[in-house]
Amino acid sequence: MLRTDTPVTVYRKDYTPPPFAIDHAELVLDLDPQRTLVTSTLRFARQAGAPDAPLVLAGEELELIGVSLDGKPVADATQDAGTLTIPGLPAQGTLEITTACQPAANTTLSGLYVSNGNFFTQCEAEGFRRITYFLDRPDVMATYRVTLRADRAAYPVLLSNGNLVGQRELPDGRHEAVWEDPFRKPAYLFALVAGKLECIEERIQSASGKDKLLQVWVEARDLDKTRHAMDSLIHSIRWDERRFGLELDLDRFMIVAVGDFNMGAMENKGLNIFNTKYVLANAQTATDTDFANIEAVVGHEYFHNWTGNRVTCRDWFQLSLKEGLTVFRDQEFSADMMGSESGRAVKRIEDVRVLRQVQFPEDAGPMAHPVRPDSYEEINNFYTVTVYEKGAEVVRMYQTLLGREGFRKGMDLYFQRHDGQAVTCDDFRAAMADANGRDLTQFGLWYSQAGTPVVTARTDWNGDDGSLTLTLSQRCPKVGIETRAGTPEKQPFHIPFALGLLGADGKDLPLQLEGESTPGATTRVLDFTQAEQSFRFINLPRGASAPLPSLLRNFSAPVIVDAEYTDAQLTFQLSHDSDAFNRWEAGQRLATRALLQLVAEVQAGRELKLDPALVQAMRAVLTDDTLNPAFREQALVLPAEAYLAERMGVADPAAIHRARQFMREGLARALQADWLAAYEGNATPGAYSPDATSAARRALRNLALGYLADGGDAAMQALAEQQYQNADNMTDRFAALSALVNSFAPGREHALADFYERFEDDPLVIDKWFSLQGMQRGDVGPHAGKRTIDTVLALMEHPAFNLRNPNRARSLIFSFCSGNPAQFHAQDGSGYRFWADQVLALDAINPQVAARLARVMDRWQKYELALRDRMRAELERVAASSTLSRDVREIVGKALAA
Ligand code: TRP
Ligand code: ZN
């Protein structure tokens, strides 16, 4: 494994074009798990402006066997741990390089590796250099011809990018397949798969009438879990044709599932490789959430074919060019698939929840970085929620500013200008600006400045003339790397600020700005571009009571809105706002305020009381049958503990947990009859279907079940046991199991054991079993005081636990360290010790996964002194390790430097 002692920082400002182009690559791979031979034939051309530069190829963990130039051996090539340098090359020629690598010994899951006996590759971001020496950077694009050779019995299926152009038998029981990818692509999109796999397939015609072959490849035992992925793929293809006029370009498109995978999935040209978690589903084994995630990830990878593959990134600093845009596209796809306006709003709420719970903290911590970072030590650490989710918000803001049609014009121009190229975020912004005749210069700050802007809103009501002046101000102090000396002062962002005004009856008022002759729409997008800016609305109904502003409708920008609403105003908004997102938002503000108040009471050792007004507001939502059940579910889920922690000056996980649990139990008891009615009224009789309407009913029904069980009533817990036993689908069964486990119901142990036995042979279901236990709260029942860490430590010894499988490691270790704040932050420091032990153990196996776990400590400075000291001690213990990967070193180094 490559270990580097001095971290090397790569800077965006240092970008230079490659001195050589490689426009065609022929690869021959003799696949053998112990030692795979790779012969690479590269057609190169020296680029203008680099008359005598040597060719420096990247390569890692490779055994070099030979190099020749135009058929003659090269004698003066030199090697070090990461490069092969070839001096004195002519203007053009052909290089042949032969190397060997060891797939079975590759536990990093980057490059060529073996999973359950089959071969897979993962080349993004810099994995191709672990297969062969190459100019492994995204601005070097080549066509590929790939020959795969392997034992026929052990590896009957041989796949790579593009089209299958030849197949034949070889001596000694081996066989061969030849694949050609006609589209030029960067090396990170290369892929191969070889092994015992089977597929389902469909033939469809694209919008312009061309025949396409679609396949989903899995292990034979999983064939009955592929239908939903195939349906999702077909829906994705149709959606991209309709919404963006983009067609599938290849004749064949393949999805392959693999059980050992570092992330969700990978968009390799024509050969998408997926974590099994985002492919395999049937009613018995997957929940509604799993079904929805599969649809989203299949869409995401498919959409990359245009936003990522046909137009790719010039360098890795531009990662959000493809990721932010493609996340935006998959979010819109999922929203459209919800099939209703209220469904779209629910999807928006879910996406914003993730942004706030994960991205806002990232943007306030030691790893804070702009959507287009300026530097990195290890690029794998920059596949972040900022690049992905905040990046998607930035793309969404173009659409909000330009309208759907304007956005589409920008997309069309982007493809017209850049198809086949490796480009930058600035190129995308220029296409949006030029297609719409808009100046988006200031908008560019969203790419270069980190941090979450805080917007303060003040209103000034003049009842005599019916005018309301809204004054917005924005601030965004320096964060993370920006606090280093020499960083320029930050400038105000261009914020598309959507708003409406509610009249006394709760209805939207027509909006007319001073200077306009007539009122316009009831939702306006204001161009908020200055540090402080006022907007005067006129011709509103005169009188004493001011209209109620509905701010940042549909969350039109990734900012925090600081507004002084009274509880009464929030309750009003919760029941009347025409903007479903802001109805939800009003409920969250109410609940957050009440929860933070309870946290203060816990800290002061005072008696806790539940505010009757809050109970009433919740009851109103719960019993309003005109509302989409999925919306009601979203509105009744209390703000997460991690979100509340961020809202406190000094986070107190134990107090947060007590306060939140107190509120849950209080709402459970106060609304028991209503929860029960919601439970009974939202059954989904008939065969299971994951469609949005049925899933919405199950979501509300199972939320009700969770509350009912938490109320502690034996009859309600018996209801959960009954549902557990009788369920005909995983959504209901797992929800019942969770209700039993979290409420410490008497049936808990029995159900856990039963669940394990039933699904022992299904790794993805067993992951759920581990993760539920990793996230369970401290025992409040007969073993009161028992710590979850003890359960976790015991489960680490379970025969089914395996640190090498990322899904399994995440299911137990990550769920405890990041999904269970109150137990992880135990006063005795046991959680932190466990964290450090696991980061070190994982780092020796898989640095990418270890670095993700390392990030759990990002916010260590937000906690009280005693916890902070213990966290720092463990961070220092990890940092002191002499064998740390570059991946983990960057994370702990930045955490300690903050
Ligand atoms: N580009 C992939 C996506 O967003 C994700 C990805 C990046 C990835 N690096 C990876 C997947 C490493 C697996 C391993 O869809
Ligand atoms: Zn992606």
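These figures come from a predicted structure and were not determined experimentally. Just follow the structure's listing: the first ligand is 1, and inside any ligand the first atom is 1.
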Participant: Please check: side-chain N/O of R348 versus main-chain N/O of F555, any donor-acceptor pairing under 3.5 Å?
Facilitator: yes
Participant: Taking F183's backbone N and O only, do any of them form a donor-acceptor pair with T143's side chain (distance below 3.5 Å, no angle check)?
Facilitator: no
Participant: Is it true that R886 and E890 have a side-chain N and a carboxylate O under 4.0 angstrom from each other?
Facilitator: no
Participant: Decide whether a cation-pi geometry holds between R429 and F443; the criteria are a distance under 6.0 Å from NZ or CZ to the six-membered ring centre and an angle within 45° of the ring axis.
Facilitator: no
Participant: Select one of side chain, backbone, both or neither to describe which atoms of A265 lie under 4.0 Å from any atom of ligand 1, heavy atoms only.
Facilitator: backbone
Participant: Give the atoms of ligand 1, by number and element, whose distance to some non-hydrogen atom of E267 is under 4.0 Å.
Facilitator: 1 (N), 2 (C), 3 (C), 15 (O)
Participant: Is Y388 in polar range of ligand 1, meaning some N or O pair under 3.5 Å apart?
Facilitator: yes
Participant: Which atoms from ligand 1 have a heavy atom of M266 less than 4.0 Å away?
Facilitator: 1 (N), 2 (C)
Participant: Does Q102 have more than 12 heavy atoms from other residues, nucleotides or ligands lying within 6.0 Å of its CD?
Facilitator: no
Participant: Considering just N/O/S atoms, say which atom of E323 is closest to the Zn ion (ligand 2).
Facilitator: OE1
Participant: Hey, which atoms in ligand 1 end up nearer than 4.0 Å to a heavy atom of H304?
Facilitator: 3 (C), 4 (O), 15 (O)
Participant: When you look at NZ of K322, are more than 12 heavy atoms from neighbouring residues, nucleotides or ligands closer to it than 6.0 Å?
Facilitator: yes
Participant: For the Zn ion (ligand 2), decide whether E267 has an N, O or S atom at a distance under 2.8 Å.
Facilitator: no
Participant: Polar-atom distance check: Y383 versus ligand 1, any N or O pair below 3.5 Å?
Facilitator: no
Participant: Which ligand 1 atoms does F261 reach within 4.0 Å, using its non-hydrogen atoms?
Facilitator: 11 (C), 13 (C)
Participant: Tell me whether N262 has any N or O atom under 3.5 angstrom from an N or O of ligand 1.
Facilitator: no
Participant: Give me the residue, atom name and distance of the protein heavy atom closest to atom 10 (C) of ligand 1.
Facilitator: Q122 NE2, 3.5 Å
Participant: Heavy atom to atom 11 (C) of ligand 1, shortest distance: which of Q848, M263, E301 holds it?
Facilitator: M263
Participant: Could you check, using the six-membered ring where one of them is a Trp, whether Y113 and F119 have ring centers closer than 6.0 angstrom?
Facilitator: no
Participant: Could I get the full list of side-chain hydrogen bond (donor to acceptor under 3.5 Å, both in side chains) partners for R396, not counting sequence neighbours?
Facilitator: Q331, E332
Participant: Could you name each residue pair satisfying salt bridge (charged side-chain N to carboxylate O under 4.0 Å, His left out) that touches residues 184-196, not counting sequence neighbours?
Facilitator: D181-K185
Participant: Strictly under 6.0 Å, is that where the ring centroids of F415 and F244 end up?
Facilitator: no
Participant: Is K322 touching ligand 1 with its side chain, its backbone, both, or neither, if touching means heavy atoms under 4.0 Å apart?
Facilitator: side chain
Participant: Can you tell me which N/O/S atom of H304 has the shortest distance to the Zn ion (ligand 2)?
Facilitator: NE2
Participant: Residue-level breakdown please: for E124 versus ligand 1, do any non-hydrogen atoms fall below 4.0 Å on the side chain, on the backbone, on both, or on neither?
Facilitator: both
